[in-house]
There are 2 protein chains.
Amino acid sequence: MNEAKPPPQRVTIRTVAEDAGVSVAAVSKVMRNAYGVSEALRQNVLESIERLNYRPSNAARGMRGQTYTLGVVLVGIDNPFLPQVFAGIASVANAAGYKILMGVGAAHMPMEASLIEQMIDSHMDGIVMIAAQLSGKLMEKYARQIPIAVIGHHEPLAQTFDTVNANDSHGAKLAVRALVAKGYRDIGMVSLGPYRPHDTYDVAPQREIGFASAIVEAGLGAPKIFRFDNMDDARLGKITSFLAGPDRPRALFVWSDLDGIPILNVARQMGLHVPEDLALIAYDNSPVAALPLIDLASMDQSGIRLGQLATDALLSRIGGRKAAQHVLIDPSLTIRSSF
Amino acid sequence: MNEAKPPPQRVTIRTVAEDAGVSVAAVSKVMRNAYGVSEALRQNVLESIERLNYRPSNAARGMRGQTYTLGVVLVGIDNPFLPQVFAGIASVANAAGYKILMGVGAAHMPMEASLIEQMIDSHMDGIVMIAAQLSGKLMEKYARQIPIAVIGHHEPLAQTFDTVNANDSHGAKLAVRALVAKGYRDIGMVSLGPYRPHDTYDVAPQREIGFASAIVEAGLGAPKIFRFDNMDDARLGKITSFLAGPDRPRALFVWSDLDGIPILNVARQMGLHVPEDLALIAYDNSPVAALPLIDLASMDQSGIRLGQLATDALLSRIGGRKAAQHVLIDPSLTIRSSF
DNA sequence: TGTTCTACGTAGAACGGTGCACAGAATCGC
DNA sequence: GCGATTCTGTGCACCGTTCTACGTAGAACA
């Protein structure tokens with residue numbers, strides 16, 4: 001009856017302490033390489049840890065100290081520009097001994113919010129948000145509870161959290177200038193729709209601002225910006241009729257590869273030649289844009305650096321920095337046959 | 001001097017208990033809607049929770065009970081077939097009240113291992129692994145510590161964890177049969193390289209098995225399987241010379257879009273017409289394959305269903321099931337102009 | 001009226017760590 | 001050789017939950 005099966009107990013800090021013949025506190029100190037342990041004791045404890053294959057419980061740790069875990073909140077897992085950013089984050093975080101866990105916000109505000117709450121509840125040490133949809137106000141609120149660094153959301157006046165961005169308005173200007181230099185004068189922009197006035201801090205509106213000012217600067221008249229509802233199933237159809245219609249400009253600056261690649265595909269399917277009939281420059285320089293069969297010119301915002309800088313910022317804030325820090329790097333155009 | 005700034009204390013279960021005028025245990029019961037609470041007390045507590053905006057600490061929870069959090073381990077964040085699987089996982093998990101946190105294993109064994117350990121240490125309730133590189137032995141070991149369900153790794157004899165897969169050998173057969181039905185007889189396969197005999201449980205070897213048996217079944221002689229080291233920087237060059245060389249078959253079955261899309265691109269760049277000079281069928285039916293400019297035929301393995309089934313399995317195991325469960329679903333061919 | 005059940009609520013011990021206050025040993029300065 | 005000062009290591013309270021055991025009040029029963 002009574003199965004003498006000693007349940008394979010988790011090896012805890014107490015097990016180690018006993019095995020090494022020291023106090024629990026001593027083991028804790030060694031784990032955190034805190035001050036006040038002799039080399040002898042340290043070695044002794046490390047041996048026991050090795051022998052017993054001990055790993056501290058994150059949960060228990062979080063209750064008083066740090067968990068050495070960072071959270072990353074993604075817009076959506078299918079954003080082609082994510083892998084780079086993530087690689088940047090991971091390199092810095094790992095080098096500093098931090099682990100990473102991610103959550104997917106699905107570009108859905110309540111979901112992003114609940115993710116952040118969950119990360120707070122898991123006692124993570126800090127959060128990197130990528131292209132968050134969350135309003136600045138909400139972000140301020142969360143940032144009071146946990147250090148946050150944001151990528152792809154301009155909020156240069158925010159006090160409680162840090163931001164890291166490629167200069168989106170400048171990137172748009174560079175794109176327009178490149179088109180102008182090639183001789184195009186009838187230049188339009190496809191932006192993210194629908195337009196929401198309170199989102200001016202997001203990347204798309206910033207690119208619109210840069211676009212408009214570059215158009216004006218070049219003396220090309222009133223800027224033409226087109227929007228297609230990004231949640232609309234009929235979107236592809238709308239793009240098609242836009243390209244077929246009389247309003248189609250000679251050259252298009254597209255706010256993201258996310259739209260640029262479908263537009264390029266639709267255009268070619270309609271028999272339009274790129275760039276002979278329609279010149280295109282998009283944004284993000286995702287791997288798909290680089291495929292020879294696509295070959296779409298695109299602004300590169302160096303995802304890796306964005307990730308690294310954001311993580312640097314986050315770690316220094318975890319380290320105690322109070323003043324906000326807002327970093328801006330310059331994007332650069334990757335030239336391809338589409339313009 | 002003495003800034004009367006009461007540190008915005010976290011609202012804990014004690015705060016709620018005090019506010020509602022009941023015991024801590026009562027609040028806990030309400031949170032878990034456990035047995036033994038009157039409706040009156042329940043309402044009272046719920047009100048306080050609402051008013052104080054209380055959320056239980058995951059970490060503290062994990063120390064004794066469940067955390068209602070599932071971990072997802074990904075191969076790499078850039079795998080085009082991931083978003084679907086993830087969507088499937090998320091839908092089932094959320095419906096059951098579970099949260100999800102992900103980690104990226106980067107197709108790197110030690111990293112996968114450390115991720116799993118971290119998830120165990122965070123007291124997660126279970127883990128879904130997607131296309132894990134981990135050996136079966138290691139997986140057995142971890143599965144004794146935490147419920148695990150694996151997608152994209154065939155291990156039909158595993159006892160301690162569950163697996164969910166699309167039938168990869170059957171998928172390969174379907175592809176070959178489709179090629180044969182079109183009249184192709186000189187059919188080769190591009191598989192994942194290098195060949196490692198102990199990986200037979202992975203998807204690529206399974207597809208090789210299906211391919212070989214379909215070739216034999218069709219009476220097409222000895223199966224020809226080509227491999228290109230997937231970590232090699234010179235890989236694209238090797239593919240190019242393969243396509244230019246005399247060994248190029250008339251039709252190719254490619255183990256994944258990951259390779260199929262570059263092959264298609266290289267081929268067209270070389271001036272080869274697809275399918276007139278070279279017919280192609282790949283695997284995974286990723287969104288890129290569906291782009292009109294690519295239009296690559298590909299086996300669809302219904303990522304969503306895989307994700308859902310794996311999560312179902314995981315939840316039922318968390319619920320107490322002991323016997324292993326190994327699910328196999330059928331893939332289907334998405335026909336496009338590439339063959 | 002007294003006894004047994006049932007339903008509700010509570011006290012208090014876990015859980016596995018961290019970090020503070022402190023004691024004893026070792027080292028130092030003179 | 002002695003007090004003062006570091007250096008090590010320990011004991012213990014604490015973090016925010018869950019969960020077991022138990023007390024109590026009221027209903028049901030005899």
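Since the structure is predicted, the reported quantities are computational estimates derived from the model, not experimental observations. Here is how names work: the chains are called A, B, and so on, in the same order as the sequence lines, proteins then strands, and each is numbered from 1.
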request  = Decide yes or no on side-chain contact (heavy atoms from CB on, under 4.5 Å) for A:V164 and A:H326, but give the supporting numbers first.
outcome  = CA-CA 6 Å; A:V164 174; A:H326 299 285; over 6 Å; no
message = Evaluate B:S28 against B:R32 for side-chain hydrogen bond (donor to acceptor under 3.5 Å, both in side chains), listing each step before the verdict.
response = CA-CA 6 Å; B:S28 175; B:R32 297 171 288 135; 3.1 Å; yes
task = Evaluate the side-chain hydrogen bond (donor to acceptor under 3.5 Å, both in side chains) criterion for residues A:H154 and A:T163: first the C-alpha distance (whole Å), next the side-chain angles of each, then the deciding distance (0.1 Å), finally the verdict.
result = CA-CA 7 Å; A:H154 298 260; A:T163 67; over 6 Å; no
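In this structure, a donor-acceptor pair under 3.5 Å is present between the side chains of B:Q43 and B:E39. Residues A:R321 and A:S316 bring a donor and an acceptor atom of their side chains to less than 3.5 Å of each other.
Listed by chain and number, the residues in a side-chain contact (heavy atoms from CB on, under 4.5 Å) with A:S135 are A:K137, A:L138 (sequence neighbours excluded).
The residue among A:A40 and B:R14 whose nearest nucleotide of DNA chain D is located toward the 5' end is A:A40.
No side-chain heavy atom of B:T67 sits under 4.5 Å from any side-chain heavy atom of A:Q118.
With rounding to whole Å, B:R61 atom CZ is found 21 Å from C:dG17 atom P. The nearest whole Å value for the distance from the CE atom in A:M63 to the P atom in D:dG16 is 6 Å. Rounded to a whole Å, the CD1 atom of B:I13 is 13 Å from the P atom of C:dA11. C:dG17 atom P lies 10 Å from atom CD1 of A:I49, rounded to whole Å. As a whole-Å value, the separation of A:D121 CG from D:dT17 P is 9 Å. Taking atom CD1 on A:I120 and atom P on D:dG16, their separation rounds to 14 Å, with Å as the unit. The interatomic distance linking B:R32 (CZ) with D:dG16 (P) rounds to 18 Å, in whole Å. In this structure, B:H123 atom NE2 and D:dC15 atom C1' are separated by 14 Å, rounded to whole Å.
Partner A:M124 forms a side-chain contact (heavy atoms from CB on, under 4.5 Å) with one of A:V72, A:N58, A:T69 and no other, that one being A:T69.
The 12-atom threshold is not exceeded at CZ of A:R305, counting heavy atoms of other residues, nucleotides or ligands nearer than 6.0 Å.
Within 4.0 Å of B:R42, counting heavy atoms only, lies no atom of the nucleic acid at all.
A close approach under 4.0 Å does not occur between any side-chain nitrogen or oxygen of B:R64 and OP1 or OP2 of D:dC19. Taking only side-chain nitrogens and oxygens, B:S28 comes nearer than 4.0 Å to OP1 or OP2 of D:dT18. Proximity of B:S23 to the phosphate of C:dA11: no side-chain N or O atom is located under 4.0 Å from OP1 or OP2.
In the set D:dC19, D:dT17, D:dG16, the nucleotide with an atom closest to the side chain of B:V24 is D:dT17.
If one axis is set at each end of the helix from C:dT1-D:dA30 to C:dC30-D:dG1 from five pairs, those axes are 30° apart, to 10°.
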Please write out each protein N/O paired with an N/O of nucleotides 6-8 of chain C under 3.5 Å, distance rounded to 0.1 Å.
| from | atom 1 | to | atom 2 | distance (Å) |
| --- | --- | --- | --- | --- |
| C:dA7 | OP2 | B:Y35 | OH | 3.3 |

